[in-house]
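Below is the structure I would like to discuss, written out as structure tokens.
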Amino acid sequence: MRQKYSGKLVTPEEAASAVRSGDWVDYGFGAGFPDLMDRALAKRRDELKDVKIRGGLVIRPRIEAVECDPEQNTFTYFSWHIGDYERKLQSRGLVQFVPVMLRSLPILYREHIRVDVAFVPVSRPDEKGFCGLGISNYAWRVIFQQARTVVFEINEHLPRLQGVDGSHRVHLSEADYIVEGEHEPLAVRSYREASEIDRQIARLVVAEIPDGAVLSLGVGGVPFTVANMIAQSDLKDIGCHTGTISDAFMALHQAGKLTNARKELDTGLSAWNLAMGSQELYDWLDAEPERFHPGDLDYIHNPYRMAEMKHFISINGGVQLDLMGQENGESIGARQLSGIGGQLDFLEGAFRSPGGKGFVCINASRVTKDGVRKSNILPFIPGGSTVSAPRTMLQYVATEYGVVKLSGLSRRERAQAMISVAHPDFREELAKYAQENLS
């Protein structure tokens, strides 16, 4: 099979020659990363001008094309979602953030933005020439259908699953160039130890989850703690339809809870778009592909598809909330911490689902480095900070002081609900603001 496509098999440097000055180049999303093509493109720094690179949620140690050109004379990097490494780039002025709801990304590529060259990480091909998209289905098919030049980078470490219906499958014939070579181990993502406040919030949320619920879990302390608590609970037949599958879902599987048996769609299968976690998680995907439906953004992030499943539960974290239920989920002032990702997609899906619930989970307060306690529930989202989710989108809010449902409440009722789950030290001043300003 490889011999059949030997005419397309080139060195990374030969494939990188397809990039022209002025091009837009796509690197993809998450822990699947085109290492070889990134290094090869970086070598062309002095030959090219005005090359724009798109990526997002990068957790690996470095992007060579960015690091080799700190003056940005040749390469400019754009991110759909600030990851751990990109946060460091941001402090150096080396990343431009592009706000997006992930479900709208395929539409952007189809109708509104240009892509010239796509560097697509794929798994080792099978005997028929089919590869898997590894740990990031993303919107890759849409992207490389729009691109002038498509480069498949075969990564020997990527899980080989192709989706039970071919949803995660590409074929060597679809590439203009194929490159291969030795890769570093896949980037892994770990979680900090849950705090007592995380555990208290998780206990309150788990009490709202029924048997047979279909979970979408964001990344962070509370969603991971919710999964661990479900794993130790009496709940059964939990399902998975999520943007990111992580070690949280693996813990549910290991406890015998993740059966997907009651899902109206993808019955028996865990559906996801992106995988991010430990090497053990990636090994699980590779060893038991029959358990998964990895799908693209059009499939996984579609709220109308989520609405076809009963008891769809979305659990995400936030940074700040105000008395109206507006959420800042991604910035501190003007400093971008992450991105909204799929949070709005899954909040809407939970709202539409029969018996569904969408939770934004947040510590009621925080203590600054100089020991001052600050409320995370504010009269209003401060100027410069992002309103990630509008008040009309939030359904449930959970803090360590309780869970409140905001859907259908008036402005005054919303304020009263939010005050009830705020830290006691700040309730009086929040109530005063509400009395004076909200009718």
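Position 1 is the first residue of the sequence, and the numbers go up from there.
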Tell me which pairs pass side-chain hydrogen bond (donor to acceptor under 3.5 Å, both in side chains) where either residue lies in residues 341-354, with sequence neighbours left out.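 Passing the test, one end in residues 341-354: R103-D345, R103-E348, H301-D345, Y304-R352, E348-R352.
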So, using side-chain hydrogen bond (donor to acceptor under 3.5 Å, both in side chains) as the criterion, who are the partners of D69 when residues are at least two apart?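 Result, side-chain hydrogen bond (donor to acceptor under 3.5 Å, both in side chains) vs D69: none returned.
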Can you name the residues that form a ring-ring contact (aromatic ring centres under 6.0 Å, His included) with W24, not counting sequence neighbours?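 Result, ring-ring contact (aromatic ring centres under 6.0 Å, His included) vs W24: F78.
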Mind checking what makes ring-ring contact (aromatic ring centres under 6.0 Å, His included) contact with H293, not counting sequence neighbours?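 With neighbours one apart ignored, the set is Y299.
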Among residues at least two apart in sequence or on other chains, which ones pass side chain to side chain contact (heavy atoms under 4.5 Å, CB included) with P223?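 Side chain to side chain contact (heavy atoms under 4.5 Å, CB included) check on P223 returns L217, I315.
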With sequence neighbours left out, write down each residue that passes salt bridge (Lys or Arg N to Asp or Glu O under 4.0 Å) with R20, or none if nothing qualifies.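 None.
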Say whether N228 and T225, considering side chains only, have a donor N or O and an acceptor N or O under 3.5 Å apart.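 Per modelled atom types, N228 and T225 side chains form no pair under 3.5 Å.
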Mind checking what makes ring-ring contact (aromatic ring centres under 6.0 Å, His included) contact with H253, not counting sequence neighbours?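 W284.
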Got a sec, which residues hit salt bridge (Lys or Arg N to Asp or Glu O under 4.0 Å) with R262, two or more places apart in sequence or on another chain?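 R262: salt bridge (Lys or Arg N to Asp or Glu O under 4.0 Å) contacts with D237.
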Y85: which residues meet the ring-ring contact (aromatic ring centres under 6.0 Å, His included) condition with it, sequence neighbours left out?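 Applying ring-ring contact (aromatic ring centres under 6.0 Å, His included) to Y85 gives none.
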For S385, what residues pass the side chain to side chain contact (heavy atoms under 4.5 Å, CB included) criterion, not counting sequence neighbours?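 S385 satisfies side chain to side chain contact (heavy atoms under 4.5 Å, CB included) with Q320, N328, S331, I381, P382 once adjacent residues are dropped.
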Would you please name every residue forming a side-chain hydrogen bond (donor to acceptor under 3.5 Å, both in side chains) with K49, sequence neighbours left out?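 side-chain hydrogen bond (donor to acceptor under 3.5 Å, both in side chains) list for K49, sorted by chain: empty.
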Using the test side chain to side chain contact (heavy atoms under 4.5 Å, CB included), find all partners of A364 that sit at least two apart in sequence or belong to another chain.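 For A364 the side chain to side chain contact (heavy atoms under 4.5 Å, CB included) partners, ignoring immediate neighbours, are T399, E400, Y401, H423.
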